[in-house]
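Worksheet: one structure, shown below.
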Amino acid sequence: MAITASSLRPDKVARLVLLEPNLDAGGGVFSRALAAMSEQEFVSRGQRRMARLASREGSPLWAGSLSASHAPAVHRAAVSLVQGGEPGWRSQLLALSMPRSVVVGERSLPLPGLTSLAQDGVSVHVLADAGHAMSEDNPAGLAALLADILEQDHVA
């Protein structure tokens with residue numbers, strides 16, 4: 001969403017910072033499992049089932065967020081991540097002219113396409129002691145890293 005919004009209104013975005021974005025169609029494990037259900041199935045049973053699973057697997061913030069979210073919107077977002085679109089998010093990101101940064105959790109490595117982002121001018125940062133749920137895994141580290149990234153614009 002942030003990439004598309006930045007593409008539509010680049011005059012409103014001074015710097016784009018993305019946390020483990022889905023840049024290519026296919027989605028992650030969670031999105032693929034969710035998109036494999038029909039919207040009706042996800043609304044009637046899947047949302048509650050996946051929230052319980054997230055809670056059991058030690059991610060209470062994700063479980064709470066999922067439980068509080070509008071089920072059809074969650075399902076449609078997952079389907080969109082799996083299907084992708086044209087132009088793709090990676091090509092949209094690379095076409096942007098503002099400073100761009102991508103943050104990934106150390107436990108998520110290796111991630112396909114990460115090296116090519118750096119080669120294409122996107123700053124890549126790895127957050128230690130974190131996976132995809134960075135704000136839950138290492139909130140202080142994430143805050144410090146984001147402050148460092150954002151301060152880069154003001155140091156020159």
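Positions are given from 1 along the sequence.
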| field | Least distance between heavy atoms, A78 atom then S31 atom | value | CB-O, 3.8 Å
| task | For the residue pair Q152 and P99, establish whether any side-chain heavy-atom pair is separated by less than 4.5 Å. | result | no
| What pairs of residues pass the salt bridge (charged side-chain N to carboxylate O under 4.0 Å, His left out) test when at least one of them lies in residues 79-97, not counting sequence neighbours? | D24-R90
| request: Please tell me if the side chains of V103 and L18 come closer than 4.5 Å, counting only heavy atoms from C-beta onward. | output: no
| said: Show me the pairs that pass salt bridge (charged side-chain N to carboxylate O under 4.0 Å, His left out) and involve residues 69-78, at least two apart or across chains. | reply: E39-R76
| said: Testing the basics here: between S7 and Q92, what is the closest heavy-atom pair and its distance to 0.1 Å? | reply: OG-OE1, 3.4 Å
| Pairs where residues 126-141 contributes a residue and the test side chain to side chain donor-acceptor pair (under 3.5 Å) is met, not counting sequence neighbours | E20-H132, S59-E136
| query | Taking the side chain as C-beta and beyond, is there a heavy-atom pair between L146 and D148 under 4.5 Å? | reply | no
| field | Straight-line distance of S44 OG to M37 CE, nearest 0.5 Å | value | 9.5 Å
| said: Taking V17 as the starting point, is it possible to reach V13 by hopping between hydrophobic residues whose side chains are less than 4.5 Å apart? | reply: no
| query | Between OG of S108 and CG of L19, what distance do you get to the nearest 0.5 Å? | reply | 11.0 Å
| task | State, to 0.1 Å, how close L16 and S6 come at their nearest heavy-atom pair, and which atoms those are. | result | CD1-OG, 3.6 Å
| If we ignore angles and hydrogens, is there a donor and acceptor under 3.5 Å between the side chains of R15 and S101? | yes
Report, one line per pair, each donor and acceptor closer than 3.5 Å where one atom sits in a side chain of residues 110-122; sequence neighbours left out.
| residue | atom | partner | partner atom | Å |
| --- | --- | --- | --- | --- |
| S116 | OG | G113 | O | 2.8 |

| Is a donor on one side and an acceptor on the other found under 3.5 Å between the side chain of E106 and the backbone of G131? | no
| request: Look up atom NE2 in H125 and atom CG in L142, then write down how far apart they are to the nearest 0.5 Å. | output: 11.5 Å
| note | residues 81-118 vs ring pair (Phe, Tyr, Trp, His ring centres under 6.0 Å), sequence neighbours excluded, gives none
| field | Path from L96 to V124 over hydrophobic side-chain contacts below 4.5 Å | value | yes
| message | Distance check, rounded to the nearest 0.5 Å: L93 atom CG versus R100 atom CZ? | response | 5.5 Å
| field | Over all atoms of both residues, closest heavy-atom pair of G88 and S91 | value | O-OG, 2.9 Å
| field | Reported CE-to-CG distance for the pair M134 and L127, which is rounded to 0.5 angstrom | value | 6.5 Å
| said: For a 4.5 angstrom cut-off between non-hydrogen side-chain atoms, does L34 reach V82? | reply: no
Tabulate below the donor-acceptor pairs under 3.5 Å that side-chain atoms of residues 61-72 make, not counting sequence neighbours, or state none.
| residue | atom | partner | partner atom | Å |
| --- | --- | --- | --- | --- |
| S67 | OG | A63 | O | 2.9 |
| S69 | OG | S65 | O | 2.6 |

| request: Please round to the nearest 0.5 Å and tell me the distance separating atom CD of E41 and atom NE2 of H75. | output: 8.0 Å
| For A33 and M50, which heavy atoms make the closest approach, and how far apart are they? | CB-CE, 4.0 Å
| Are M98 and I149 connected in a single hydrophobic cluster, I mean Ile/Leu/Val/Met/Phe/Trp/Tyr linked by side-chain heavy atoms less than 4.5 Å apart? | no
